[in-house]
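Notes to accompany the following structure.
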Amino acid sequence: MRLGSVQQKIPCVFVTEVKQEPSRKRDCQFQVVATESVSPVAVVAQVHHAVATEKLDGTCCYVSVYKGRPHLWARLDRKPNKQADKRFKKHQRSHHSCKGFLWSVEEDFKPVPETWVPALGVKHHSGQPVPDEHGHIPGWVPVEKDNKQYCWHASVLDPDLRAALVLRPSAEDGDALEVVPLPLADLLERTLELIGTNVNGNPYGLGSKKTPVHLLVSHGALRIRDPPPVDFQQLCSWFRESPEGRVEGIVWHCHDGTLFKVHRHHLGLRWPEGDPSLGERAVVVAVGSGDNVFRSGGGVVVRKDSFALFSALSGRRFSRLMDITFTL
(Lines give C-alpha, C1' and ligand atoms only; values in the text may rest on other atoms or scores of the structure.)
Protein backbone atom coordinates (compact mmCIF):
# COMPACT_ATOMS: atom_id res chain seq x y z
CA MET A 1 0.00 0.00 0.00
CA ARG A 2 1.57 3.30 -1.12
CA LEU A 3 0.94 6.06 1.40
CA GLY A 4 0.93 9.76 1.39
CA SER A 5 -0.28 12.01 -1.40
CA VAL A 6 -1.48 15.17 0.33
CA GLN A 7 -3.14 17.41 -2.23
CA GLN A 8 -6.02 18.83 -0.14
CA LYS A 9 -6.48 19.96 3.44
CA ILE A 10 -6.86 16.77 5.49
CA PRO A 11 -10.11 16.64 7.53
CA CYS A 12 -10.06 15.96 11.26
CA VAL A 13 -10.83 12.39 12.30
CA PHE A 14 -13.34 13.78 14.83
CA VAL A 15 -16.42 15.88 14.32
CA THR A 16 -15.27 19.47 14.95
CA GLU A 17 -16.89 22.63 16.23
CA VAL A 18 -15.92 26.28 16.09
CA LYS A 19 -15.19 28.15 19.34
CA GLN A 20 -15.08 31.93 19.51
CA GLU A 21 -11.56 32.00 20.95
CA PRO A 22 -8.24 33.07 19.38
CA SER A 23 -6.80 30.29 17.24
CA ARG A 24 -3.47 28.76 18.32
CA LYS A 25 -2.48 28.25 14.67
CA ARG A 26 -4.04 31.03 12.62
CA ASP A 27 -4.50 34.77 12.93
CA CYS A 28 -8.23 34.70 13.59
CA GLN A 29 -10.62 34.90 16.51
CA PHE A 30 -11.95 31.35 16.47
CA GLN A 31 -10.67 27.83 17.06
CA VAL A 32 -11.62 24.59 15.39
CA VAL A 33 -11.70 21.95 18.13
CA ALA A 34 -12.51 18.26 18.15
CA THR A 35 -15.56 16.80 19.84
CA GLU A 36 -15.40 13.25 21.18
CA SER A 37 -17.39 11.88 18.22
CA VAL A 38 -15.45 10.17 15.43
CA SER A 39 -16.36 11.62 12.03
CA PRO A 40 -19.00 9.45 10.30
CA VAL A 41 -17.00 9.78 7.05
CA ALA A 42 -13.93 8.39 8.85
CA VAL A 43 -15.97 5.48 10.21
CA VAL A 44 -17.20 4.60 6.70
CA ALA A 45 -13.56 4.75 5.46
CA GLN A 46 -12.66 2.26 8.24
CA VAL A 47 -10.24 4.60 9.97
CA HIS A 48 -9.99 2.15 12.88
CA HIS A 49 -8.06 -0.17 10.51
CA ALA A 50 -6.00 2.58 8.86
CA VAL A 51 -2.21 3.05 8.93
CA ALA A 52 -1.23 5.71 11.49
CA THR A 53 1.71 7.97 10.59
CA GLU A 54 3.37 11.00 12.14
CA LYS A 55 2.07 14.41 11.09
CA LEU A 56 5.12 16.62 10.53
CA ASP A 57 5.40 20.34 11.24
CA GLY A 58 6.81 21.76 8.03
CA THR A 59 5.61 22.93 4.63
CA CYS A 60 4.11 20.71 1.96
CA CYS A 61 5.93 20.00 -1.33
CA TYR A 62 5.11 18.00 -4.44
CA VAL A 63 7.23 16.31 -7.09
CA SER A 64 5.78 16.46 -10.58
CA VAL A 65 6.85 17.22 -14.12
CA TYR A 66 7.75 20.80 -15.07
CA LYS A 67 9.18 21.69 -18.47
CA GLY A 68 9.41 18.01 -19.28
CA ARG A 69 11.46 16.96 -16.25
CA PRO A 70 10.77 15.85 -12.65
CA HIS A 71 10.67 18.98 -10.48
CA LEU A 72 9.99 20.05 -6.89
CA TRP A 73 6.90 22.22 -6.38
CA ALA A 74 6.12 24.36 -3.32
CA ARG A 75 2.67 24.63 -1.76
CA LEU A 76 0.92 27.90 -2.54
CA ASP A 77 -2.73 28.12 -1.63
CA ARG A 78 -4.60 30.84 -3.46
CA LYS A 79 -6.19 32.96 -0.71
CA PRO A 80 -8.90 35.62 -0.68
CA ASN A 81 -8.06 39.31 -0.70
CA LYS A 82 -8.68 41.42 2.40
CA GLN A 83 -12.23 42.45 1.59
CA ALA A 84 -13.38 38.98 0.57
CA ASP A 85 -11.73 37.47 3.66
CA LYS A 86 -13.63 39.92 5.88
CA ARG A 87 -16.94 38.91 4.31
CA PHE A 88 -16.06 35.23 4.63
CA LYS A 89 -15.15 35.49 8.33
CA LYS A 90 -18.30 37.50 9.05
CA HIS A 91 -20.32 34.74 7.41
CA GLN A 92 -18.49 32.09 9.47
CA ARG A 93 -19.16 33.95 12.73
CA SER A 94 -22.85 34.48 12.08
CA HIS A 95 -23.57 31.03 10.61
CA HIS A 96 -20.94 29.00 12.53
CA SER A 97 -20.17 27.50 9.15
CA CYS A 98 -18.76 28.36 5.74
CA LYS A 99 -21.69 26.76 3.92
CA GLY A 100 -23.73 29.07 1.74
CA PHE A 101 -20.96 31.61 1.16
CA LEU A 102 -20.64 32.66 -2.49
CA TRP A 103 -17.22 33.33 -4.01
CA SER A 104 -16.17 35.12 -7.17
CA VAL A 105 -12.76 33.59 -7.93
CA GLU A 106 -11.83 36.31 -10.42
CA GLU A 107 -12.61 39.18 -8.02
CA ASP A 108 -12.16 37.75 -4.51
CA PHE A 109 -8.73 36.12 -4.71
CA LYS A 110 -5.16 37.39 -4.64
CA PRO A 111 -3.13 36.97 -7.83
CA VAL A 112 -0.76 34.02 -8.15
CA PRO A 113 2.25 33.42 -10.46
CA GLU A 114 1.51 32.28 -14.01
CA THR A 115 3.19 28.95 -13.22
CA TRP A 116 0.70 28.22 -10.39
CA VAL A 117 -1.49 25.13 -10.83
CA PRO A 118 -4.39 23.98 -8.63
CA ALA A 119 -3.82 20.85 -6.57
CA LEU A 120 -5.17 17.51 -7.75
CA GLY A 121 -8.80 17.03 -6.76
CA VAL A 122 -9.73 20.74 -6.62
CA LYS A 123 -13.24 21.04 -7.97
CA HIS A 124 -13.97 23.37 -10.88
CA HIS A 125 -17.09 25.28 -11.84
CA SER A 126 -17.42 27.05 -15.19
CA GLY A 127 -13.70 26.57 -15.74
CA GLN A 128 -12.71 28.18 -12.41
CA PRO A 129 -11.30 26.32 -9.37
CA VAL A 130 -13.69 26.19 -6.39
CA PRO A 131 -12.39 27.26 -2.92
CA ASP A 132 -12.44 24.71 -0.12
CA GLU A 133 -14.25 25.09 3.22
CA HIS A 134 -11.40 27.25 4.52
CA GLY A 135 -11.76 29.71 1.65
CA HIS A 136 -8.49 28.58 0.04
CA ILE A 137 -7.70 27.02 -3.33
CA PRO A 138 -4.84 24.56 -2.72
CA GLY A 139 -2.13 24.67 -5.37
CA TRP A 140 1.54 24.47 -6.32
CA VAL A 141 4.31 26.58 -7.86
CA PRO A 142 7.58 25.17 -9.26
CA VAL A 143 10.66 25.86 -7.11
CA GLU A 144 13.04 28.03 -9.14
CA LYS A 145 16.59 28.48 -7.85
CA ASP A 146 16.51 32.28 -8.33
CA ASN A 147 13.30 32.74 -6.30
CA LYS A 148 14.34 33.83 -2.79
CA GLN A 149 10.89 33.01 -1.39
CA TYR A 150 11.65 29.32 -1.93
CA CYS A 151 15.38 29.32 -1.19
CA TRP A 152 15.03 26.72 1.58
CA HIS A 153 13.16 24.42 -0.78
CA ALA A 154 15.97 24.87 -3.30
CA SER A 155 18.58 24.11 -0.63
CA VAL A 156 17.60 20.42 -0.54
CA LEU A 157 18.05 20.04 -4.31
CA ASP A 158 21.03 19.23 -6.48
CA PRO A 159 20.01 20.56 -9.92
CA ASP A 160 22.86 18.71 -11.66
CA LEU A 161 21.96 15.34 -10.16
CA ARG A 162 18.21 16.09 -10.30
CA ALA A 163 18.09 14.73 -6.75
CA ALA A 164 16.80 15.77 -3.33
CA LEU A 165 17.94 15.22 0.26
CA VAL A 166 15.41 12.96 1.96
CA LEU A 167 15.02 11.86 5.58
CA ARG A 168 13.48 8.42 5.95
CA PRO A 169 13.51 5.37 8.25
CA SER A 170 16.78 3.46 7.96
CA ALA A 171 16.65 0.40 5.73
CA GLU A 172 18.93 -1.48 8.16
CA ASP A 173 17.78 -0.17 11.55
CA GLY A 174 14.04 0.46 11.86
CA ASP A 175 14.51 2.56 15.01
CA ALA A 176 16.93 4.96 13.29
CA LEU A 177 16.58 7.43 10.42
CA GLU A 178 18.84 8.04 7.43
CA VAL A 179 19.60 11.05 5.24
CA VAL A 180 19.89 9.96 1.62
CA PRO A 181 19.88 11.59 -1.84
CA LEU A 182 17.02 10.36 -4.00
CA PRO A 183 16.44 11.09 -7.70
CA LEU A 184 13.40 13.30 -8.20
CA ALA A 185 12.27 10.75 -10.79
CA ASP A 186 11.86 8.22 -7.94
CA LEU A 187 9.58 10.67 -6.08
CA LEU A 188 7.26 11.54 -8.97
CA GLU A 189 3.67 12.33 -7.95
CA ARG A 190 4.50 12.11 -4.25
CA THR A 191 4.02 14.83 -1.68
CA LEU A 192 6.63 15.48 1.01
CA GLU A 193 7.14 17.74 4.00
CA LEU A 194 10.04 20.21 4.06
CA ILE A 195 11.33 20.54 7.63
CA GLY A 196 14.33 22.39 9.03
CA THR A 197 16.00 25.44 10.45
CA ASN A 198 13.92 28.09 8.71
CA VAL A 199 10.54 26.34 8.59
CA ASN A 200 7.78 26.88 11.19
CA GLY A 201 10.13 27.79 14.03
CA ASN A 202 12.21 24.61 13.62
CA PRO A 203 10.52 22.43 16.28
CA TYR A 204 12.88 19.52 15.47
CA GLY A 205 16.05 21.50 16.27
CA LEU A 206 17.71 21.00 12.88
CA GLY A 207 20.86 22.99 12.11
CA SER A 208 21.55 26.57 13.15
CA LYS A 209 21.53 30.09 11.77
CA LYS A 210 25.15 29.60 10.69
CA THR A 211 24.54 26.24 9.02
CA PRO A 212 20.83 25.86 8.18
CA VAL A 213 19.64 22.29 7.66
CA HIS A 214 16.56 21.36 5.63
CA LEU A 215 15.30 17.95 4.57
CA LEU A 216 12.33 16.40 2.80
CA VAL A 217 10.23 13.64 4.37
CA SER A 218 7.75 11.68 2.25
CA HIS A 219 4.22 11.81 3.63
CA GLY A 220 3.37 8.53 5.30
CA ALA A 221 7.03 7.53 5.70
CA LEU A 222 7.11 7.75 9.51
CA ARG A 223 4.71 5.10 10.78
CA ILE A 224 3.66 5.12 14.42
CA ARG A 225 4.37 1.90 16.24
CA ASP A 226 1.55 0.71 18.49
CA PRO A 227 -0.70 3.70 17.74
CA PRO A 228 -3.53 4.46 20.15
CA PRO A 229 -7.11 3.66 19.11
CA VAL A 230 -9.10 6.39 17.38
CA ASP A 231 -10.66 7.48 20.65
CA PHE A 232 -10.63 11.03 22.03
CA GLN A 233 -9.56 10.21 25.61
CA GLN A 234 -7.01 7.57 24.65
CA LEU A 235 -5.43 9.89 22.09
CA CYS A 236 -5.20 12.67 24.68
CA SER A 237 -3.45 10.30 27.09
CA TRP A 238 -1.08 9.09 24.36
CA PHE A 239 -0.06 12.63 23.37
CA ARG A 240 0.51 13.58 27.01
CA GLU A 241 2.23 10.44 28.32
CA SER A 242 3.86 8.40 25.55
CA PRO A 243 7.41 9.22 24.35
CA GLU A 244 6.11 8.50 20.82
CA GLY A 245 3.31 10.99 21.45
CA ARG A 246 5.66 14.00 21.26
CA VAL A 247 4.49 14.67 17.70
CA GLU A 248 2.45 17.45 16.12
CA GLY A 249 -0.31 15.01 15.24
CA ILE A 250 -1.34 11.80 13.53
CA VAL A 251 -2.41 11.21 9.93
CA TRP A 252 -4.39 8.04 9.23
CA HIS A 253 -4.12 6.51 5.75
CA CYS A 254 -7.24 4.48 5.01
CA HIS A 255 -7.20 1.58 2.57
CA ASP A 256 -9.42 3.46 0.12
CA GLY A 257 -6.84 6.29 -0.04
CA THR A 258 -8.76 8.67 2.24
CA LEU A 259 -6.72 10.63 4.80
CA PHE A 260 -7.75 11.89 8.24
CA LYS A 261 -5.75 13.73 10.88
CA VAL A 262 -5.74 14.95 14.43
CA HIS A 263 -3.56 17.83 15.56
CA ARG A 264 -2.65 18.46 19.17
CA HIS A 265 -4.51 21.78 18.91
CA HIS A 266 -7.71 19.92 18.06
CA LEU A 267 -7.46 18.31 21.51
CA GLY A 268 -6.52 21.51 23.35
CA LEU A 269 -2.88 20.41 23.73
CA ARG A 270 0.20 22.56 23.11
CA TRP A 271 2.74 22.13 20.34
CA PRO A 272 5.66 21.90 20.48
CA GLU A 273 5.74 20.19 23.84
CA GLY A 274 9.23 19.24 25.08
CA ASP A 275 11.67 17.74 22.57
CA PRO A 276 9.72 16.20 19.66
CA SER A 277 10.28 12.47 19.26
CA LEU A 278 11.60 12.90 15.70
CA GLY A 279 14.51 15.05 16.86
CA GLU A 280 15.39 12.40 19.45
CA ARG A 281 15.79 9.57 16.93
CA ALA A 282 19.24 8.35 15.84
CA VAL A 283 20.24 9.17 12.27
CA VAL A 284 22.80 7.87 9.76
CA VAL A 285 24.10 10.12 6.97
CA ALA A 286 24.37 8.21 3.68
CA VAL A 287 24.80 10.98 1.13
CA GLY A 288 28.02 9.69 -0.43
CA SER A 289 31.48 11.21 -0.52
CA GLY A 290 31.13 13.32 -3.64
CA ASP A 291 33.51 16.06 -4.72
CA ASN A 292 33.10 19.00 -2.34
CA VAL A 293 34.83 21.52 -4.60
CA PHE A 294 34.07 23.08 -7.95
CA ARG A 295 36.17 25.25 -10.24
CA SER A 296 35.17 28.82 -10.95
CA GLY A 297 37.21 31.16 -13.15
CA GLY A 298 40.27 28.95 -12.80
CA GLY A 299 40.11 28.93 -8.99
CA VAL A 300 38.88 26.27 -6.57
CA VAL A 301 35.90 27.06 -4.37
CA VAL A 302 34.75 24.87 -1.50
CA ARG A 303 31.09 23.96 -1.90
CA LYS A 304 28.85 24.82 1.04
CA ASP A 305 25.48 23.66 -0.29
CA SER A 306 23.48 21.06 1.65
CA PHE A 307 24.65 18.15 -0.50
CA ALA A 308 28.30 19.05 0.11
CA LEU A 309 27.73 19.56 3.84
CA PHE A 310 26.05 16.17 4.25
CA SER A 311 28.57 14.52 1.93
CA ALA A 312 31.31 15.51 4.40
CA LEU A 313 29.42 13.56 7.08
CA SER A 314 28.80 10.45 4.97
CA GLY A 315 28.89 7.30 7.06
CA ARG A 316 28.50 9.19 10.36
CA ARG A 317 25.85 8.16 12.86
CA PHE A 318 24.38 10.65 15.32
CA SER A 319 22.53 9.57 18.43
CA ARG A 320 19.89 12.24 17.80
CA LEU A 321 18.72 14.00 14.64
CA MET A 322 19.05 17.35 16.38
CA ASP A 323 22.73 16.62 17.11
CA ILE A 324 23.82 16.81 13.45
CA THR A 325 26.56 19.45 13.23
CA PHE A 326 28.90 20.53 10.47
CA THR A 327 32.54 21.60 10.53
CA LEU A 328 33.00 24.51 8.15
Side-chain angles (χ1 to χ4, degrees), residues 4-12 15-20 22-32 39 41 45 55 58-68 71-144 146-150 153 188-194 199-200 219 251 257-261 263 265-266:
S5 184
V6 180
Q7 294 282 338
Q8 309 287 323
K9 295 280 186 186
I10 303 174
C12 183
V15 175
T16 57
E17 61 184 18
V18 176
K19 282 193 173 182
Q20 298 299 319
S23 170
R24 294 183 176 90
K25 284 200 76 179
R26 295 182 178 85
D27 185 20
C28 55
Q29 291 300 308
F30 60 88
Q31 281 186 50
V32 177
S39 162
V41 180
K55 182 185 184 303
T59 184
C60 195
C61 302
Y62 177 42
V63 178
S64 191
V65 172
Y66 177 60
K67 295 183 178 179
H71 198 89
L72 185 70
W73 297 66
R75 186 62 172 262
L76 180 64
D77 288 2
R78 196 169 177 191
K79 297 180 181 179
N81 57 40
K82 202 174 279 186
Q83 267 123 5
D85 193 45
K86 263 187 182 176
R87 287 191 289 110
F88 181 59
K89 285 176 178 171
K90 185 178 179 182
H91 179 93
Q92 279 185 315
R93 283 194 299 270
S94 57
H95 294 80
H96 298 283
S97 170
C98 60
K99 290 179 181 177
F101 186 82
L102 298 176
W103 293 103
S104 168
V105 174
E106 290 182 351
E107 297 177 6
D108 291 342
F109 283 80
K110 297 175 184 177
V112 287
E114 287 184 10
T115 52
W116 180 87
V117 296
L120 298 178
V122 169
K123 294 178 182 177
H124 285 69
H125 179 71
S126 300
Q128 292 285 354
V130 177
D132 63 18
E133 63 185 39
H134 306 284
H136 295 177
I137 306 172
W140 309 101
V141 289
V143 173
E144 307 277 18
D146 56 349
N147 188 333
K148 290 184 179 179
Q149 185 177 353
Y150 300 111
H153 295 70
L188 266 177
E189 300 311 315
R190 293 195 194 180
T191 56
L192 309 96
E193 199 80 1
L194 178 74
V199 180
N200 287 4
H219 288 140
V251 175
T258 313
L259 303 179
F260 296 94
K261 73 179 179 185
H263 190 290
H265 292 154
H266 286 133

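Residue numbers count from 1 along this sequence.
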- request: For the pair W103 and F109, name the ring-plane relationship: parallel under 30°, tilted 30 to 60°, perpendicular over 60°.
  value: tilted
- request: Report the relative orientation of the aromatic rings in F88 and F101; use parallel for angles under 30°, tilted for 30 to 60°, perpendicular for over 60°.
  value: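 Correct class here is perpendicular.
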Contact check, side chains of [X] and [Y], non-hydrogen atoms, under 4.5 Å:
X	Y	result
V65	L188	yes
S5	R190	no
H124	P118	yes
R78	P138	no
E133	P11	no
Q8	V122	yes
V6	V251	no

Can you name the nearest heavy-atom pair linking [X] to [Y], along with the distance?
X	Y	value
Q7	R75	O-NH2, 3.4 Å
V143	Y150	CG1-O, 4.0 Å
C12	F260	O-CD2, 4.1 Å
G135	P80	O-CD, 3.2 Å

If only atom types and distance count, is the side chain of [X] paired as donor or acceptor with the main-chain N or O of [Y] below 3.5 Å?
X	Y	result
N200	G58	yes
W140	Y62	no
D77	K79	no

field: Separation between OG1 of T59 and CG of L76, rounded to the nearest 0.5 Å
entry: 9.5 Å
task: To the nearest 0.5 angstrom, please state how far the CG atom of L194 sits from the CG atom of L72.
output: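 Here the rounded value is 8.0 Å.
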message: With no hydrogens and no angle check, just 3.5 Å: does a side-chain donor-acceptor pair link S64 and E189?
response: yes
field: Candidate pair L259 and H219, rule side-chain contact (heavy atoms from CB on, under 4.5 Å), full reasoning
entry: CA-CA 11 Å; L259 303 179; H219 288 140; over 6 Å; no
- request: Might you work through the side-chain contact (heavy atoms from CB on, under 4.5 Å) test for C60 and E193, ending with a clear yes or no?
  value: CA-CA 5 Å; C60 195; E193 199 80 1; 4.3 Å; yes
side-chain contact (heavy atoms from CB on, under 4.5 Å) between V105 and I137, worked out: CA-CA 9 Å; V105 174; I137 306 172; 4.2 Å; yes
